Amino acid sequence: MIRKRLNSSAKRSQSSEETKTFHQLMQVMHESDDFFEFHLGNMKNISIYYFESLTNTEKIEANLLDTLKDAEIQDIDVLKNIVPFTQSYVTSDIRQIEEKLLVGFIALCLNDNTQEILLIPSKFNTDRQISQPEIEFSVIGPKLAFIEDMQTNISLIRKRVSLPQLHVKKLNAGKITKTDVAIIYIDGIANQTNIDTIIQRITDIEYDQIIDSSFISQMISDNSQSPFPQFMDTERPDRVSSALVEGKIAIVCEGSPHVLIAPTTLVEFFAAYEDYFLSWHIATAFRLIRIFAVIFSVLVTPMYVAVLTYHYHIIPGDLLGTLISSRKDIPFPPIIEVLILELTIELLREAGARLPTKIGQTIGIVGGIVIGTAAVEAGLTSNVLLIVVALAALASFTTPIYRIGNTIRLIRFPFIFFAQLWGMIGVVIGIMFFVTHLLRLTSLGRPFLEPIYPFRWKDFKDTIIRLPFDVQGKRPLLSGAKDKNRINTSRTLKKHDKRK
């Protein structure tokens, strides 16, 4: 796999400038021990070249060698018609021969005629089978997730959007890796400016390697310095299909099980795709709970620091007594107490994520209980703060998109320092700073806070709340779709009239 991604591409970029003939190309290829060359026929009139690590050798032996075993073919076109492979073709382009050999093709030539080379696709497939989503899991609804093979991912999208207008534009990104990237959109719905912007930004990438779609999202974002993701990445084909129908654009990267969607907004990161499989009342309630959980997760520990440091007089008398008794043995100020516990939670979360699944779960549960209890008994933190931090950590897990969850985890710390410096005023300053940043943030040039700012009440129907499908007749303004109408309302009304 490493060879497939890096070595072959590096050699390709170097050798392309050096090799001008087929023999020179073969000399470069033969420097690798996994490159094979052998000859068939009594007069060795057929020569075969391929990389063993990239090619399906069983396919060669079963289909190709048996067919050509005793062949005495004198014409390359006859040879092309004999071999039992579709998509084979004859070429004399050295660069094309080199590129195809490095992606799993077999090269054949007749009678040492290196001017006409027959290329046969025989890629060795090492990709895993399609499985369930691991991050965006849903109790109800489809259970398929993308894998690392780009063609499989495109087919999963095409199965859901069976339209001839579904266009796929393929590009290469990465100076060495030359990674295949596909831009997918529905012609007639997607905004042409958005399509051209994405194609131009990917074409302009000047970096050696593109290993995953996350590389692309960081390099072509409107503001690469922002902690907020401006491209939504998903592992669900149904979410991508729905976004395409709304006029958005998808970016599929070879080797990545995640597909990017743009443009997007902040509130879309809090919408689970499972919401569309529930009634609109329940889905709306869940979305509001998630947004409340995010606000709670970010602000609760900074407010704890601010109140205990500057504003303890606003705490009710009974609760103040409980807080004083819980902190009477703590030798640290509130901010040190909060940082100890927050960093402990982050350590447990990182360790749980890096360890094997079963061990990680054990570390998360047992470690949290044991370390939390020990920290309280050792006088490092109070039991009240332990409950507050545990609830904040739990609330941060309600976000359905993993990347925005990371952002929420980290932006809590600046708020804690603001709270230590200026109390509640510091928390308000922190809020104003992040709101100002979000107001200026865009995704493909579209406002990231839409529909809150600019205020577009028509787009509220499927953002913070989710209204019934029959009132969502228009596509969101954010995507800039050419065709604004999602539902043929006149046809719907006629059917309704007939039932009457």
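Because the structure is a prediction, the values reported are computed rather than measured. Just so it is clear, the values below take in all heavy atoms, side chains as well, and ignore hydrogens, waters and symmetry mates.
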A.B. asks: Are Asp204 and Gln200 linked by a side-chain donor-acceptor pair shorter than 3.5 Å?
C.D. replies: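 Asp204 vs Gln200: donor-acceptor pair found between side chains.
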
A.B. asks: Decide yes or no for Phe286 and His281: does some side-chain heavy atom of the first lie under 4.5 Å from some side-chain heavy atom of the second?
C.D. replies: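 Side-chain contact under 4.5 Å: no.
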
A.B. asks: Taking all non-hydrogen atoms of both residues, which atom of Ser326 and which atom of Ile330 are closest, and how far apart?
C.D. replies: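 Shortest heavy-atom separation between Ser326 and Ile330 comes out as O-CG1, 4.0 Å.
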
A.B. asks: Identify each donor-acceptor pair in which a side-chain atom of residues 432-443 lies under 3.5 Å from a protein atom, sequence neighbours left out, and give them as a table.
C.D. replies:
{"unit_1": "Thr436", "atom_1": "OG1", "unit_2": "Met432", "atom_2": "O", "d": "2.7"}
{"unit_1": "His437", "atom_1": "NE2", "unit_2": "Ser226", "atom_2": "OG", "d": "2.7"}
{"unit_1": "Thr442", "atom_1": "OG1", "unit_2": "Asp222", "atom_2": "OD2", "d": "2.6"}
{"unit_1": "Ser443", "atom_1": "OG", "unit_2": "Gln230", "atom_2": "O", "d": "2.8"}
{"unit_1": "Ser443", "atom_1": "OG", "unit_2": "Thr264", "atom_2": "N", "d": "3.1"}

A.B. asks: Counting only heavy atoms from other residues, nucleotides and ligands, does the tally under 6.0 Å from NZ of Lys159 exceed 12?
C.D. replies: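 Result for NZ/Lys159: open.
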
A.B. asks: Could you list all the side-chain hydrogen bond (donor to acceptor under 3.5 Å, both in side chains) pairs where at least one residue sits in residues 447-459, not counting sequence neighbours?
C.D. replies: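 Sorted result for residues 447-459: Glu450-Arg456.
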
A.B. asks: Taking the six-membered ring of Phe413 as reference, does the NZ or CZ atom of Arg409 fall below 6.0 Å from its centre and within a 45° cone about the axis?
C.D. replies: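 No - Arg409 does not lie over the ring of Phe413 by the 6.0 Å and 45° rule.
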
A.B. asks: What heavy-atom pair brings Arg160 and Leu144 nearest, and what distance separates the two atoms?
C.D. replies: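 Scanning both residues completely, I find the closest heavy atoms to be NH2-CD1, 3.7 Å.
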
A.B. asks: What heavy-atom pair brings Phe296 and Ala395 nearest, and what distance separates the two atoms?
C.D. replies: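 Answer, listing the atom of Phe296 first, then Ala395: CD2-CB, 4.1 Å.
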
A.B. asks: If you count heavy atoms of other groups shown closer than 6.0 angstrom to CD1 of Ile425, is the number above 12?
C.D. replies: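 Incorrect, the count does not exceed 12.
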
A.B. asks: side-chain hydrogen bond (donor to acceptor under 3.5 Å, both in side chains) with Gln420: which residues, sequence neighbours excluded?
C.D. replies: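 Expected list: none.
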
A.B. asks: For Glu337, check salt bridge (charged side-chain N to carboxylate O under 4.0 Å, His left out) against everything at least two apart and list the hits.
C.D. replies: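 Glu337 satisfies salt bridge (charged side-chain N to carboxylate O under 4.0 Å, His left out) with Arg327 only.
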
A.B. asks: For the pair Phe418 and Trp422, name the ring-plane relationship: parallel under 30°, tilted 30 to 60°, perpendicular over 60°.
C.D. replies: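 It falls in the parallel class, under 30°.
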
A.B. asks: How close do Ile465 and Phe460 get, counting heavy atoms only, and between which atoms?
C.D. replies: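 Nearest heavy atoms, Ile465 then Phe460: CG1-O, 3.0 Å.
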
A.B. asks: Looking at Thr407 and Pro229, what are the two nearest heavy atoms and their distance?
C.D. replies: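 Closest heavy-atom pair between Thr407 and Pro229: OG1-CD, 3.7 Å.
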
A.B. asks: Specify whether Tyr207 and Phe215 have parallel, tilted or perpendicular ring planes, treating 30° as the upper limit for parallel and 60° as the lower limit for perpendicular.
C.D. replies: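 Tyr207 vs Phe215 ring planes: tilted.
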
A.B. asks: Tell me if the NZ atom of Lys143 is crowded by more than 12 foreign heavy atoms within 6.0 Å.
C.D. replies: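 Yes, the 6.0 Å shell around NZ holds more than 12 heavy atoms from other groups.
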
A.B. asks: Check for a donor-acceptor pair, side chain of Asn153 on one end and backbone N or O of Ile147 on the other, with a separation under 3.5 Å.
C.D. replies: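 Present.
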
A.B. asks: State whether a side-chain donor-acceptor pair under 3.5 Å links Arg349 with Ser396.
C.D. replies: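 Per modelled atom types, Arg349 and Ser396 side chains form a pair under 3.5 Å.
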
A.B. asks: Not counting sequence neighbours, which residues clear side-chain hydrogen bond (donor to acceptor under 3.5 Å, both in side chains) with Arg403? List them please.
C.D. replies: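 Arg403 satisfies side-chain hydrogen bond (donor to acceptor under 3.5 Å, both in side chains) with Asp233 once adjacent residues are dropped.
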
A.B. asks: Of all residues at least two apart in sequence or in a different chain, which pass the side-chain hydrogen bond (donor to acceptor under 3.5 Å, both in side chains) check with Asp275?
C.D. replies: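 Counting only residues at least two positions away or on another chain, Asp275 forms a side-chain hydrogen bond (donor to acceptor under 3.5 Å, both in side chains) with Arg287, Arg290.
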
A.B. asks: Quick check on Glu134: does its CD atom have over 12 non-hydrogen neighbours (other residues, nucleotides or ligands) under 6.0 Å away?
C.D. replies: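 Counting other residues, nucleotides and ligands, CD of Glu134 stays at 12 neighbours or fewer.
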
A.B. asks: Over all heavy atoms of both residues, which pair between Ile210 and Thr177 is shortest? Give the atoms and the distance, please.
C.D. replies: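 In terms of heavy atoms, the two residues are closest at N-OG1, 3.1 Å.
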
A.B. asks: Might you confirm whether atom CZ of Phe332 has over 12 heavy atoms from other residues, nucleotides or ligands at distances under 6.0 Å?
C.D. replies: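 Yes, CZ of Phe332 has more than 12 neighbouring heavy atoms, counting only those of other groups under 6.0 Å.
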
A.B. asks: Quick check: do Pro333 and Leu308 have side-chain heavy atoms less than 4.5 Å from each other?
C.D. replies: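 With C-beta onward as the side chain, the pair stays apart.
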
